[in-house]
2 protein chains.
Amino acid sequence: MEDPWTGDAFNPACPTRTVLDRVGDRWTVLIIEALAAGPLRFGQLRERVGAITPKVLTASLRSLQRDGLIDRTAYAEVPPRVEYALTDLGLSLRTPVAALRTWAEQNVAAIVAHRTRDLDEAQGIGHV
Amino acid sequence: MEDPWTGDAFNPACPTRTVLDRVGDRWTVLIIEALAAGPLRFGQLRERVGAITPKVLTASLRSLQRDGLIDRTAYAEVPPRVEYALTDLGLSLRTPVAALRTWAEQNVAAIVAHRTRDLDEAQGIGHV
DNA sequence: CGGAATCCCGTGCGATACTG
DNA sequence: CAGTATCGCACGGGATTCCG
């Protein structure tokens, strides 16, 4: 139990896949990256992530919390204030997730170009 | 055009998000990792990835091909032989994706434990 | 062997509106 | 401010069957 058991992503029965699915969630990367710089409030998070509805943001945060990646702290004030912060586990996710985002940002042009080219070919452009 | 333009994942209008979605696909990580060691045939890929139906594997491969991450080579033989290999772009994805898989495999235990604990609390276990 | 075709279902996600 | 409540739907993905 205490010896850090390691999963196998290629084993269909291994829950490692569910962990990959979690990272694969549409908002996980953005939320982790947003919180990487420090705790944020709900509204701040909403602005930073951009184009996410409150419902979905709430659901994503609950899910991340459930997996132990973030902590939620509610302050009994008026008006209400709630802060979200990465846990140690969440902090450990910053590195791989940042690498992923960097890769995405650097290669988005190439990928979009490829998609467009394929579309053009499908439409017959280039060999008329 | 030729200066490597960099995206911004936090900009909702930036296609970088679609790139993140691609990596977030349930099978992308496994397929990239499987091909990281070298080209594989359809059937081999199926075995290696595990528990993926032909239809979904085909769809995933087409999608990856469309984004320029893998190449498909069909040999006109009997029986048919088709090989899939990473492109240069796909090769560049190995590093971040490997980091992600490693993280998932190393932290799956902690995450599952967290999920279970929350479930238990929801059922009242631990404070009866 | 490497798919394609068809049927089908859960659910992630979005839009809108309301509340403690 | 920080959510909840409802509605709705596209669609990713699975099971099954058949084809060149």
Side-chain angles (χ1 to χ4, degrees), chain A residues 9 12-13 17-32 34-35 39-67 69-85 115 122, chain B residues 9-10 12-13 15 17-32 34-35 39-67 69-85 115 122:
Chain A
R17 297 208 169 183
T18 71
V19 174
L20 283 176
D21 288 349
R22 131 120 337 289
V23 179
D25 174 284
R26 179 160 190 194
W27 302 105
T28 296
V29 170
L30 293 178
I31 293 176
I32 297 291
L35 292 178
L40 287 178
R41 303 177 55 171
F42 188 87
Q44 296 174 316
L45 213 36
R46 230 190 127 176
E47 281 181 39
R48 182 84 180 103
V49 170
I52 184 173
T53 63
K55 171 195 157 183
V56 174
L57 179 55
T58 300
S60 303
L61 291 171
R62 293 274 189 279
S63 184
L64 289 165
Q65 191 184 0
R66 195 173 87 89
D67 285 0
L69 295 173
I70 66 174
D71 270 336
R72 192 190 107 114
T73 311
Y75 298 89
E77 304 173 357
V78 179
R81 181 165 60 97
V82 179
E83 278 195 352
Y84 294 90
R115 286 179 187 168
Chain B
F10 285 108
R17 297 208 169 183
T18 71
V19 174
L20 282 176
D21 288 348
R22 131 118 338 290
V23 180
D25 175 284
R26 180 160 189 193
W27 301 106
T28 295
V29 170
L30 294 178
I31 294 177
I32 297 291
L35 292 178
L40 287 179
R41 302 178 55 174
F42 188 87
Q44 295 174 316
L45 213 35
R46 234 192 122 174
E47 280 180 40
R48 182 83 181 102
V49 169
I52 184 173
T53 63
K55 170 196 158 184
V56 174
L57 179 55
T58 300
S60 302
L61 290 171
R62 293 275 190 279
S63 184
L64 288 166
Q65 190 184 0
R66 182 166 157 274
D67 285 0
L69 296 174
I70 66 172
D71 270 336
R72 191 189 109 114
T73 310
Y75 298 89
E77 304 173 358
V78 178
R81 182 165 61 98
V82 179
E83 278 196 351
Y84 295 90
R115 286 180 186 168

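Scope of the values below: all heavy atoms of this structure, side chains included, with no hydrogens, waters or symmetry mates. Throughout, protein chains are lettered first and strands after them, A, B, ... in sequence-line order, and every chain is numbered starting at 1.
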[N] [atom2] sits how many Å from [X] [atom1], rounded?
X	N	atom1	atom2	value
A:Leu57	C:dG12	CG	P	16 Å
B:Arg72	C:dC1	CZ	P	16 Å
A:Asp21	C:dG12	CG	P	10 Å
A:Tyr84	D:dA2	OH	P	8 Å
A:Leu40	D:dG3	CG	P	13 Å
B:Glu47	C:dC1	CD	C1'	12 Å
B:Arg17	C:dG12	CZ	P	19 Å
B:Gln44	C:dG3	CD	P	13 Å

* Asked: Across the strands shown, which category fits A:Tyr75 at heavy-atom distances under 4.0 angstrom: base, sugar-phosphate, nothing?
  -> nothing
Which atom of [X] lies closest to which atom of [Y], heavy atoms considered:
X	Y	result
B:Tyr84	B:Leu35	O-CD2, 3.4 Å
B:Ile31	B:Ser60	CD1-CB, 3.7 Å
B:Arg72	B:Val82	CG-CG1, 3.8 Å
A:Arg41	A:Pro80	NH2-O, 3.5 Å
A:Ile52	A:Arg46	O-NE, 3.5 Å

* Asked: Out of curiosity, A:Arg62 CZ to A:Leu57 CG, how far, rounded to the nearest 0.5 Å?
  -> 10.0 Å
* Structure fact -> CD of B:Glu83 to CG of B:Asp71, rounded to nearest 0.5 Å, is 11.5 Å
* Sugar-phosphate means primed atoms, P, OP1 and OP2; the rest is base. With that split, encode nucleotides 4-14 of chain D 5' to 3' as B, S or - using protein heavy atoms under 4.0 Å. => S-BB-----BB
* Asked: Under 3.5 Å, side chain of A:Ser63 to main-chain N/O of A:Ala59, donor-acceptor pair present?
  -> no
* **Net bend of the helix from C:dC1-D:dG20 to C:dG20-D:dC1, end axes of five pairs each, nearest 10 degrees** => 60°
* Asked: Is there a side-chain polar atom (N or O) of B:Arg41 under 4.0 Å from OP1 or OP2 of C:dG2?
  -> yes
* Taking the side chain as every heavy atom from C-beta outward, state whether B:Arg17 and A:Trp27 have any atom pair closer than 4.5 Å. => yes
